[in-house]
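The structure appears right after this line, and notes come after that.
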Amino acid sequence: MSDTRISIMEIAKRRGFYWKAYEIYGGLGGFYDYGPLGAMLKENILRIWKEEFVIKDGLLMLDGPNIGPELMYIASGHAEKFADYMVRCKKCGHVFRADELLKGVVENPEKLDKKGISKAIKEYGIRCPDCGGELTEPESFHLMFSTTVGLDKRAFLRPETAQGIFVNFPIMYRLNREKLPFGVAQIGKGFRNEISPRQGLLRLREFNMAEIELFVDPYDDSILNDFEDVELHLLTRNGEELKLSPKEAIGRKIMNPHIAYYMAKIVKFLDSLGIDLKRVRFRQHFKEELAHYSQDTWDCEILISSGWVEVTGIADRGDYDLKSHTTYSGKDLTAIRRFKEPKKIQIKKLRPRMEILGPMFKKDAKKIAEMLENMEYIEGDVEIEINGKNVKIPKDAYEIKIEEEVVGGERFIPHVIEPSFGVDRILYAILEHSFYEREDTGYKVLKLKPKIAPIKAAVFPLMAKDDLDTLAIEILNKIRENGVPSYYDDSGSIGRRYARADEIGVPFCITVDYESLKDNTVTIRERDSANQKRLKIDDIPKILKDLVEELIDFESL
RNA sequence: GCAGGCGUAGUGUAGUCUGGCAGCACAAGGGCCUUCCAAGCCCUUAGCCCGGGUUCAAAUCCCGGCGCCUGCACCA
């Protein structure tokens, strides 16, 4: 493990950013607690996310349940993976899907249960296709956590928040007053029963996601909003490495314009979180790497000590999800594409002549008449299915009339662009990119930006006596009153207190000294430069708030 | 899940081979001292991952479990 990662893990636990969950019971792999600092840091990241992606673009937020019905996950394609059995080669360690190995050997291998697979492998002497080694007993491979709702209804914990958005498409579409493009954002937990989660926050079984489903008309390239033309570091699936602006990338048709739009926003977002943009790139998935629902996917990757890690994926899901949910639910999940001007369409309609139909079809005549009225006439014989039989309707039993209809638009299934953010990974990357050791002393510092730092200010009395302490506490209370997370510390030397604050990324320290008693001023110290300015105590709450919101910068004081 | 390594105060570690009073540093709490960048002194709190076995005696040896790290595999 890299030194940086070791230091971060150590600080995270000792100072309270995060730690393995359930430690008193020996821990549970892939589950972490966020402590006081981590919980605040996560909130700050999400607040900025909402500002950048939800508020600025007028997206709609949604907050749905974690548990979803089985049928929804059958429709989404996730459940298909649920019942797979895997076998591994005892010799070379390669893993295979049991049903793949048994294809052509037994009939319907996918229908076998664990015992059946085990029996078939032994009976037919199936061995490792790579090295001929012996295979292990089959193991079920559950990617989703399953549970039961009520007595016996099968359900799953969501592996992504996306499905909860798709199934609400009609409501959200209406709430957006039926305009495209529009996006729905959801922040929440996702659950995946990983085989072997490792690397701390980078691979969790229960994780925090922030997802957007942008619903677009595939024939309309207009993007949500204007954007800053930043430089993107791209790695295409052809192996090309490019430095392009999103506008150039769109021009060269490297990706969908909506994807380029989100790339620009992501770069800006990561920058505002303190991620080093030199260590950010977008990597296009290889065809075989694409998820079952995806047509094109670009991962935003950040370089950390263990290599490039995916923190955000932008997937072009096409109409996969809405189409599939339409099939399984039987509900209409379409949008309307309005014509610039309503079109007048001439439709040939049928008018039933009851005096002929009546005697001919008796009881069925009424039903047939209704069906004829609702039909569009196409040249040729008219046939109707009634009581399971096709019946030819004689020409004299109807008249053809031409009706004019005004059509405002046509219905279609919107396409979906999905930027999906792994909040835990972003949080970890921020910690790594923020971490450094002071050149002179080697003391550890997190250079967290004021906006995201969990604690914004620390207030110290130079000495914990002579009323310096009471004045410091007064100042602390004023700052807290003003909504700025802060703490008081009078233990140890002043230098130790600065160091303690630096280690958890407190950007500003306020020190009450003997001059404070004379002229009502205090010093304020900026973390990274260790520079100090002297300010009036009365001005502190306002100035500190502006510093924390990054409206002013320390050097300008 | 496999292979290898590992698990000792809040954190980092020594001790494990060769069984015999569990030690150090930092942190934390209290006190003295101290007028701006982890000073010093005194005191205190606090630990052998869990379970079983062997033994007069287990942090140490054996078995099982849990967890972590690295590699393989997996990561829609």
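It should be emphasised that the depicted structure is a prediction, and the values quoted were computed from it without experimental measurement.
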Taking atom types as they are modelled, would you say the side chain of A:Arg198 forms a donor-acceptor pair with the base of B:G71 within the 3.5 Å cutoff?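 Per atom types, the contact qualifies.
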Base B:U11 to side chain A:Arg15, donor-acceptor N/O within 3.5 Å cut-off: no
Looking at residues at least two apart in the chain, or sitting in another chain, which of them share a ring-ring contact (aromatic ring centres under 6.0 Å, His included) with A:Phe169? A:Tyr173, A:Phe215
Can you tell me, in whole Å, how much space there is between the [atom1] of [N] and that of [M]?
N: B:U8; M: B:G67; atom1: C1'; value: 15 Å
N: B:C75; M: B:C62; atom1: P; value: 37 Å
N: B:A27; M: B:U11; atom1: P; value: 15 Å
N: B:A46; M: B:C26; atom1: C1'; value: 14 Å
N: B:U44; M: B:G10; atom1: C1'; value: 15 Å
N: B:A39; M: B:C6; atom1: C1'; value: 37 Å
N: B:G53; M: B:G30; atom1: C1'; value: 45 Å
N: B:C49; M: B:U55; atom1: P; value: 23 Å

Is the A:Phe207 to A:Phe191 ring centre distance short of 6.0 Å? no
A:Tyr498-A:Tyr443 aromatic ring centre distance below 6.0 Å: no
Base paired to [N] (Watson-Crick or G-U; both N/O distances under 3.5 angstrom):
N: B:A9; result: none
N: B:G40; result: B:C32
N: B:A14; result: none
N: B:G1; result: B:C72
N: B:G19; result: none

Look at A:Lys20 together with A:Asp33 and state whether they make a salt bridge at an N to O cut-off of under 4.0 Å. no
Is A:Arg15 salt-bridged to A:Glu503, cutoff N-O under 4.0 Å?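 Salt bridge present between A:Arg15 and A:Glu503.
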How would you label the contact of [X] with the nucleic acid (heavy atoms, under 4.0 Å): base, sugar-phosphate, or nothing?
X: A:Gly16; value: nothing
X: A:Leu290; value: sugar-phosphate
X: A:Arg5; value: sugar-phosphate
X: A:Pro197; value: nothing

Keeping to residues at least two apart or across chains, list the ring-ring contact (aromatic ring centres under 6.0 Å, His included) pairs with something in residues 301-320 of chain A.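 Found A:His292-A:Tyr320.
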Heavy-atom side-chain contact between A:Tyr436 and A:Asp502 under 4.5 Å: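 A:Tyr436 vs A:Asp502: side chains apart.
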Heavy-atom check, side chain of A:Tyr34 versus side chain of A:Trp19, under 4.5 Å: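 Sidechains of A:Trp19 and A:Tyr34: no contact.
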Atom [atom1] of [X] to atom [atom2] of [N]: distance rounded to whole Å?
X: A:Arg203; N: B:C69; atom1: CZ; atom2: C1'; value: 14 Å
X: A:Tyr487; N: B:A28; atom1: OH; atom2: P; value: 10 Å
X: A:Met144; N: B:C75; atom1: CE; atom2: P; value: 15 Å
X: A:Ile6; N: B:G5; atom1: CD1; atom2: C1'; value: 14 Å
X: A:Arg205; N: B:C68; atom1: CZ; atom2: C1'; value: 13 Å
X: A:Arg283; N: B:C75; atom1: CZ; atom2: C1'; value: 13 Å
X: A:Lys13; N: B:G7; atom1: NZ; atom2: P; value: 15 Å
X: A:Glu23; N: B:C48; atom1: CD; atom2: P; value: 14 Å

Protein proximity profile, nucleotides 30-40 of chain B - base contact B, sugar-phosphate-only contact S, no contact -, cut-off 4.0 Å on heavy atoms: ----BBBBBS-
Quick one about A:Thr521 and A:Asp519 (side-chain donor to acceptor, distance below 3.5 Å, no hydrogens or angles considered), yes or no?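 There is such a pair (donor and acceptor under 3.5 Å, judged by atom type) between the side chains of A:Asp519 and A:Thr521.
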